[in-house]
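Take a look at the structure set out below.
Small disclaimer: the values here were computed from a predicted structure and weren't measured. Chain A is the first sequence line, chain B the second, and so forth, proteins listed ahead of strands; every chain is numbered from 1.
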Number of protein chains: 2
Amino acid sequence: MAKQKVSPVSVDGAGFLTHVAYDSVVFGFSEGQLKILLMEYHNTGLIALPGGFIRTDEDLDEAVRLGLEDRTGITNIYLEQFHTFGNKSRHKPEILQKILEANGIHAPKEHWMLQRFISVAYYALVDISTVSLQPDALSDSCTWYEINRLPKLILDHATVIEKALKTLRFNLDNKIKDSNLLPEKFTMKDLQKVYEAILGEELRRTSFQRKMLAGRILKRHDKLYSGEAHKAPFIYSFHK
Amino acid sequence: MAKQKVSPVSVDGAGFLTHVAYDSVVFGFSEGQLKILLMEYHNTGLIALPGGFIRTDEDLDEAVRLGLEDRTGITNIYLEQFHTFGNKSRHKPEILQKILEANGIHAPKEHWMLQRFISVAYYALVDISTVSLQPDALSDSCTWYEINRLPKLILDHATVIEKALKTLRFNLDNKIKDSNLLPEKFTMKDLQKVYEAILGEELRRTSFQRKMLAGRILKRHDKLYSGEAHKAPFIYSFHK
DNA sequence: GATTATTGTCTCTTTGTGAGACAATAATAA
DNA sequence: TTATTATTGTCTCACAAAGAGACAATAATC
């Protein structure tokens, strides 16, 4: 359950799969910090992960990809499903009700959006600098938050983020190549900064460099003359 | 979508979360072979993973655990969610219809069991020797199949199994301790056989032994005098 | 007491990584 | 032009983990 364009809806889930929703944890990186994209519902002060519902004629992956592209504006997002949350304690219809009310929608108790949801959670890795944020009708803001300065979130969204980060850390070596966390070209230091932000710890420069070069992930390009008073670093990109 | 006790049901999903199901890939080990538990629906010849639906008052994990305990008879199963399958191409109402018909249930087109499902998949690791199989009303058999001799399965269940095995292989070192694949006490060779069956490759005996002893997973007990003409192996159990 | 199959442990090698040394720059200051 | 400074690319040494094989120590049989 979360944020998506929803036209005034009928009591049954016409067009949507009832009892199923998705949430997405969008990781971005800028200023040496790992960040997460969060939405705020207007007139409520409630903050949540971007998410939505699945149309009856959409694949699950497709629904998540499209919903997210609507918001971030980028195509070719790296997206990965990591867990499905299905505790009955997640069901808090009063919160949904509050959001709907704030938007002038008076839904009866039986309304499908007020019923219990199983939520399939995905994480995404995007290059913040290439994204233009566009909040939708239900939300009044759409903001990057530093991973260690998150606001209070609705439902179990804090838990969802925690699990997303755990999964990302565990799989980082395999995922970094397909991630969109860095621009096309970057230095070894840039790459190391991303690793450090995600892992939440500092890494040895030399070991890191050796490890990265050992894998056949990186393609080396010209040097980058940044104008600073020291040796110029090589530029790299990921092999396709 | 799959096999579970289902009383003749109303058109809406009264008591169940519509559009949501679970499937479980139950791994077992015997005779040096990794096996999987499959169900056959009577009068149809259709073979499927054991699965079922989630009641509106059950946690997702709870529903899977209880459903599986019904079938295998063991408590304390090791269970882990690994993926949620949500392609729209999974929706094949004619198969469900066939199963219902074979059980004398004539469901109208709008029946909730004939609608599209998102299926949350779990895998379980059980010790075959401690399990007593009890097929339910809808199925006429409930059988262990060797992992590399699987029959034709309904829907995308072959894909589900493949992904389960991949996940299990990737996480084996972390999961083996909590698994129920072996009896309480076992030899190093027994343990190696399990690894080999799961990974699908042979392992070096000495390296394997060293690695297992290096981790603090195993407790060593007396020797096992099997009556065979060679040195007696130690017996081990997992530390709790 | 010799034979046979298997087990527990040891050594040698290779690979990966932590930790640090050091020469090679690219701009700036003298 | 030369020295200074910060940073980068690479090298060495130490150590841990894993592949590969050697070998002595059994438990039953011949």
Side-chain angles (χ1 to χ4, degrees), chain A residues 29 31-32 169-177 182-239, chain B residues 29 31-32 169-177 182-239:
Chain A
F29 180 81
E31 296 155 10
R169 283 176 175 160
F170 189 69
N171 294 317
L172 188 51
D173 286 334
N174 304 319
K175 306 304 175 193
I176 191 71
K177 176 174 178 296
L182 284 166
E184 173 79 19
K185 302 193 168 186
F186 49 85
T187 65
M188 190 62 78
K189 183 157 213 167
D190 293 335
L191 184 58
Q192 187 177 342
K193 288 284 180 200
V194 171
Y195 261 80
E196 291 178 335
I198 293 174
L199 296 178
E201 61 180 343
E202 301 204 334
L203 299 175
R204 220 126 287 267
R205 183 181 63 90
T206 54
S207 306
F208 180 77
Q209 179 137 343
R210 182 176 43 188
K211 182 179 162 186
M212 285 302 132
L213 294 176
R216 294 166 190 177
I217 321 168
L218 297 177
K219 199 195 298 189
R220 181 179 275 187
H221 301 267
D222 297 338
K223 292 201 166 194
L224 172 69
Y225 297 87
S226 60
E228 303 204 63
H230 53 74
K231 194 171 177 178
F234 286 113
I235 293 180
Y236 297 92
S237 66
F238 290 115
H239 261 121
Chain B
F29 180 81
E31 296 153 13
R169 281 177 177 160
F170 189 70
N171 294 317
L172 187 51
D173 285 334
N174 304 319
K175 307 302 175 193
I176 190 72
K177 177 174 177 295
L182 286 167
E184 173 79 19
K185 301 194 168 185
F186 49 86
T187 66
M188 189 62 77
K189 183 157 214 167
D190 293 335
L191 184 58
Q192 188 177 341
K193 289 282 180 202
V194 170
Y195 261 81
E196 291 178 335
I198 293 175
L199 296 177
E201 62 180 342
E202 302 204 333
L203 300 174
R204 221 129 282 271
R205 183 181 63 89
T206 54
S207 306
F208 179 78
Q209 179 138 342
R210 180 177 45 187
K211 182 179 162 187
M212 285 300 132
L213 293 176
R216 293 167 191 176
I217 319 168
L218 297 177
K219 200 194 299 188
R220 182 178 273 186
H221 302 267
D222 297 338
K223 293 201 166 193
L224 172 68
Y225 297 88
S226 61
E228 303 203 64
H230 53 75
K231 194 170 176 179
F234 285 113
I235 294 180
Y236 297 92
S237 66
F238 290 115
H239 262 121

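A:Lys193 has its NZ atom 12 Å from the C1' atom of D:dT7, to the nearest Å. Residue A:Ile235 contributes atom CD1, which lies 11 Å from atom P of D:dG9 at whole-angstrom precision. Taking atom CE of A:Met212 as the reference point, atom C1' of C:dG16 lies 13 Å away to the nearest angstrom. For B:Arg210 and C:dT13, the CZ to P distance is 15 Å, given to the nearest whole Å. As rounded to whole Å, 13 Å separates atom C1' of C:dG8 from atom CD of B:Gln192. One interatomic measurement links the two molecules: CZ of B:Phe208 to P of D:dA20, which rounds to 16 Å at whole-angstrom precision. Atom-to-atom, NZ of A:Lys211 to C1' of C:dT15 comes out at 14 Å; the value is rounded to the nearest Å.
Within the 4.5 Å cutoff, side-chain heavy atoms of B:Leu218 are placed close to those of B:Phe238. For the pair B:Tyr236 and B:Ile217, the minimum side-chain heavy-atom distance is 4.5 Å or more. Counting heavy atoms from C-beta on, the side chains of B:Ser237 and B:His221 come closer than 4.5 Å.
Within the structure, salt bridge (charged side-chain N to carboxylate O under 4.0 Å, His left out) contacts touching residues 209-224 of chain A (residues at least two apart or in different chains) are A:Asp173-A:Lys211.
Residues from residues 200-207 of chain A lying near DNA chain D, meaning a heavy-atom separation below 4.0 Å, are A:Arg205, A:Thr206 in numerical order.
Ring centroids of B:Phe29 and B:Tyr195 are separated by 6.0 Å or more, keeping the two rings apart.
Here the nucleotide nearest the side chain of B:Phe234, chosen from D:dG9, C:dG8, C:dA19, is C:dG8.
Counting distance only, with no hydrogens placed and no angle test, the side-chain atoms of B:Arg220 and the base atoms of C:dG8 include no donor-acceptor pair under 3.5 Å.
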With B for base contact, S for sugar-phosphate-only contact and - for none (protein heavy atoms under 4.0 Å), nucleotides 25-30 of chain D reads BBBB--
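Minimum interatomic distance between A:Thr187 and A:Pro233 (heavy atoms only, all atoms of both residues): CG2-CG, 3.9 Å. When all heavy atoms of A:Ala197 and A:Gly32 are compared, the closest pair comes out as CB-O, 4.1 Å.
When the side-chain nitrogen and oxygen atoms of A:Lys189 are compared with OP1 and OP2 of D:dT8, one or more of them lie within a distance under 4.0 Å.
Put simply, the side chain of A:Glu196 gets close to the backbone of A:Leu203: a donor and an acceptor are under 3.5 Å apart.
To the nearest 0.5 Å, the span separating NZ on A:Lys193 from CD on A:Glu31 amounts to 13.0 Å.
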